[in-house]
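Let me begin by presenting the structure, written as C-alpha cells, before commenting on it.
Just so you know, these numbers use all the heavy atoms, side chains as well, and skip hydrogens, waters and symmetry mates. As the structure is a computational prediction, the values presented were derived from the model and not from experiment. Chain naming here is simple, since letters A, B, ... match the order of the sequence lines and numbering starts at 1 in each.
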Amino acid sequence: MKILPVKGTRDFYPEEMALHNWIVDGWKKASIRNGFEEYDGPIFEYLQMYQVKSGDEIVEQLFSFKDRGERDLAIRPEITPTLARMVNQKINALPKPIKWFSLPRLCRAERPQKGRLREFFQWNIDIIGEDSVLADAEVIFTTVDYLREVGLTPKDIKVKISSRKLLATVLKKIGVPDEKLNPLYTLLDKKVKLPAEVFSTTLTEQVGGEMAGRIIAFMGSQTITSIENIVKAEAGDQLEVAIKELEDCACRLNQMGISDYCVFDPGIVRGLAYYTGIVFEVHDIQGDLRAICGGGRYDNLLRDFGGPAVSATGMGMGDCVLEILLREKGLLDKKITSRTLDYYVVPIAGELLDEAVKLTAGLRTKGFKSAFSYKAAGLSKQLKNASEQNAKFCVIIGDEFKAGNVVVKDMASGQQKTVPLEDFLGNPEKF
RNA sequence: GUGAGAGUAGCUCAGUUGGAUAGAGCAUCGGAUUGUGGUUCCGAGGGUCGCGGGUUCGAAUCCCGUCUUUCACCCCA
C-alpha cells in the first residue's frame, strides 16, 4: 500500500535539509549577533489560546484535536501567543528589555499555494518591555541584517514602513467612525491587490465619496511630512505623536545604515487588529510574491493574555517565500551541501581495508570529517567517489604501505606526496 | 471552503486520429579501468501511464468520479 505525504508538507532529503539548515543557521546567527536569546515552547497548546487574539474563525485555519481528557488542543499556527504566555509567567523575574528569538515549526490548515504550505518554519524576533521606537528600529535592522547577509540588495527588496497609530488617527480625523475602523483596515490592506477603480468604489460604498477621496490621497503619500497636506496635526495630539515616531524611526534606521532598504508606505496596514504602532513588511521589488515578512508594535498583547500592560514589538519571517525569492535571485546557486569531507581514505587492495578503517577512525577521533571506501574498488573509481563527496584530501593506502607510507593527495590541486603513516596521523594538517 | 489548469521512470519531458512489446535525456548502478578523480564510451535496472469506474474490438489517449499537485479566491496570525 502506497502512502503519500500529507498535503502541504515537505520531505527534507539531505539536499533540501542542507539548504534548510543554511537558512535557519543564518536566522540564528543574525539573531544572536543582534543580541537576541533563543526560546521555544511546545508544538501544541490549548486551542483557546489562539482564539484570544484572533477569534473563532481562526479555528477553521488550524489543526485542532481533543486529547484523551477531552481537552481542546491545537498545533501551533504561530508562536507569539506562546511567547506572551511564557513571558507573562515570569514577567517580574526577567531583565528588561526582553530580546528573544525563536525558529518554530508551525502548521496551518490552509490550502497550499505559492509561498504558503501547511507546515513551515518561521523566524520570530521580539523585544518586550521597551517603548522606544529604537526597539522597532532594532527589529527592522535585525531583519535587514539577515536579508542583506544572504545577498539581497535594496534593488531586490524594500522594507515598507507605516504606523497603525498614524492610520487610526488619520482615519478618525477624516471622520471615520470607530466601529468602521476594523473593516476598513481589511479593505485598505488589500489596496495593492485590487484594481484602483474597484478599490475606490468599494471604499466609497463604505465611507462615502468625500472621505474616500481623502483616504486615497493619504494612502498615496510618499513622505511622512506630506501627510499634513491631508490632515492637520495639532500640538500634543495622537497624529503628532505618530508622525514623530515614524520620523524618529527613520532617523534610527539612517544611523544604522539601512535607509536605502527602507521606505515609508502608508499602504502597509497588516491584517489583524492587535498592532498599535509602527508596522512594516518586507516585499520583493517586483512585487509578485507575497510579503517576505511582517511585523510591528503590539503593546496590548501581553495584557490581553492576562499579564500586565507591557509593550512589545516584533517580526515574523516564513521560510517558504524567502526560499522562492532567494532562488529567483540566483542566491542559492552556490553549493549548499552537507556532503563535504576533510579526508577520504582509499585502500587499494582488499587486505588494506583494515588499515583504512583504523586510519579513518583515527582521523575522526582527531575531529576531521573522514570516510573510507567500503570495498577496495579500482583507484580511479574511489577517487571519483571522493570527488563526489567533496573530499579535500585523499589518503591512499597501497603498495607503499609495506614501507609504512601512505599517499596524501590534494584533490583541488592534484598534487600528492608520500609520507609515513605515523607522521601523517600525528599531525594530518601538516601535509 | 470556492474556482481553474496539470498528473507517463527518481527528475525534465516525448508518445501521431483511439491501434500491436510505452520512449529519450538527466540521475542511479555496473563495465571499459588491478595505482590516479571531475571528461568520454558501452551496458543494466527502474513503469499498475496517479487511482477507480465507464465508452470501445482495442484506452497513456475519450467520458465520469476520486486523490495529489500548481495557481488564484477566502484568510493571512
Side-chain angles (χ1 to χ4, degrees), chain A residues 1-11 13 15 45 49-62 74 76-84 104 106-118 120 122 124 126 185-186 189-190 193-194 269-275 279 281 288-296 298 301 304 314-318 320-321 324 341 344 346-352 373 375-401 406-416 418:
Chain A
M1 183 162 139
K2 197 172 176 181
I3 297 179
L4 297 164
V6 175
K7 179 203 286 278
T9 63
R10 287 170 290 179
D11 292 329
Y13 288 85
E15 192 186 339
E45 295 269 7
M49 205 162 76
Y50 302 107
Q51 295 169 305
V52 169
K53 196 173 96 180
S54 316
D56 285 334
E57 70 276 13
I58 208 77
V59 176
E60 307 292 318
Q61 288 157 37
L62 46 71
R76 62 186 181 189
E78 56 170 331
I79 201 166
T80 309
T82 302
L83 172 68
L106 306 174
C107 292
R108 297 177 186 175
E110 301 173 296
R111 201 178 265 207
Q113 54 184 292
K114 192 175 187 184
R116 201 183 202 188
L117 299 172
R118 302 213 302 188
F120 58 98
Q122 195 179 63
N124 283 254
D126 291 278
Y185 291 152
T186 311
D189 199 32
K190 286 191 190 121
K193 292 181 86 173
L194 294 173
V269 180
R270 303 290 293 150
L272 236 65
Y274 73 80
Y275 288 103
V279 287
E281 287 176 1
D288 41 31
L289 296 176
R290 56 182 70 243
I292 298 155
C293 72
Y298 51 98
L301 191 67
D304 293 345
M315 182 284 299
M317 178 187 299
C320 302
V321 176
I324 292 169
L341 286 175
Y344 188 86
V346 174
I348 289 299
E351 66 272 18
L352 292 168
S373 183
K375 46 187 176 181
L379 177 59
S380 150
K381 184 139 292 181
Q382 297 198 57
L383 287 173
K384 197 174 174 182
N385 287 342
S387 282
E388 280 160 2
Q389 293 184 52
N390 300 305
K392 290 198 204 75
F393 295 92
C394 265
V395 185
I396 301 164
I397 308 180
D399 289 342
E400 49 285 274
F401 184 70
V406 295
V407 174
V408 180
K409 181 182 176 75
D410 181 327
M411 294 300 279
S413 67
Q415 289 182 336
Q416 58 189 54
T418 305

On RNA chain B, check which nucleotide each of A/Val6 and A/Tyr50 is closest to and give me the residue with the more 5' one. A/Val6
Let me spell it out: for each of A/Ile324 and A/Ile397, pick the nucleotide of RNA chain B with the closest heavy atom. Which residue's pick is nearer the 5' end?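 It is A/Ile397, whose closest nucleotide lies nearer the 5' terminus.
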How about A/Thr418 and A/Glu400: does a side-chain donor come under 3.5 Å of a side-chain acceptor? no
Indicate whether the side chain of A/Asp126 and that of A/Tyr298 have a donor and an acceptor atom separated by less than 3.5 Å. yes
Identify whether any heavy atom of [X] sits under 4.0 Å from a base atom; if not, whether one sits that close to sugar-phosphate; answer base, sugar-phosphate or nothing.
| X | answer |
| --- | --- |
| A/Gln416 | base |
| A/Gly316 | nothing |
| A/Thr80 | nothing |
| A/Gly8 | sugar-phosphate |
| A/Gly378 | nothing |
| A/Lys190 | sugar-phosphate |
| A/Asp399 | base |
| A/Glu400 | base |
| A/Val346 | nothing |
| A/Glu110 | base |

How close do A/Leu106 and A/Ile79 get, counting heavy atoms only, and between which atoms?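 That would be CD2-N, 4.3 Å.
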Ignoring hydrogens, what is the shortest heavy-atom contact between A/Val6 and A/Thr9? Give both atom names and the distance. O-OG1, 2.6 Å
My understanding is that a pair needs two contacts under 3.5 Å, Watson-Crick or G-U wobble. By that rule, which nucleotide pairs with [N]?
| N | result |
| --- | --- |
| B/rG30 | B/rC42 |
| B/rG37 | none |
| B/rG23 | B/rC13 |
| B/rU56 | none |
| B/rG7 | B/rC67 |
| B/rU2 | B/rA72 |
| B/rC49 | none |

What is the distance, to the nearest angstrom, from the CG atom on A/Leu194 to the P atom on B/rC75? 11 Å
Counting only side-chain heavy atoms from C-beta out, which of [options] sits nearest to [X]?
| X | options | value |
| --- | --- | --- |
| A/Arg111 | B/rG37, B/rC75, B/rG1 | B/rG1 |
| A/Met411 | B/rU68, B/rG37, B/rG35 | B/rG37 |
| A/Ser387 | B/rG38, B/rC76, B/rC67 | B/rG38 |
| A/Lys114 | B/rG35, B/rC71, B/rC74 | B/rC71 |
| A/Leu383 | B/rU36, B/rG38, B/rU70 | B/rU36 |
| A/Ser380 | B/rG35, B/rG37, B/rA77 | B/rG37 |
| A/Leu4 | B/rA77, B/rU68, B/rC73 | B/rU68 |

Counting distance alone, no hydrogens or angles: does the base of [N] have a donor or acceptor under 3.5 Å from a partner atom on the side chain of [X]?
| X | N | answer |
| --- | --- | --- |
| A/Gln61 | B/rG1 | no |
| A/Lys7 | B/rU69 | no |
| A/Arg270 | B/rA77 | no |
| A/Arg116 | B/rC75 | yes |
| A/Gln113 | B/rU70 | no |

Counting distance only, does the side-chain N/O of A/Arg108 pair as donor-acceptor with the main-chain N or O of A/Gln61 below 3.5 Å?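 Flag not set: sc A/Arg108 to bb A/Gln61 has no pair under 3.5 Å.
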Are the side chain of A/Gln51 and the backbone N or O of A/Val59 linked by a donor-acceptor pair below 3.5 Å? no
So, OP1 or OP2 of B/rG35: does either fall under 4.0 Å of a side-chain N or O from A/Lys409? no
Just verifying a value: how many Å separate A/Ser387 OG and A/Leu341 CG, rounded to the nearest 0.5 Å?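 Answer rounded to 0.5 Å: 11.0 Å.
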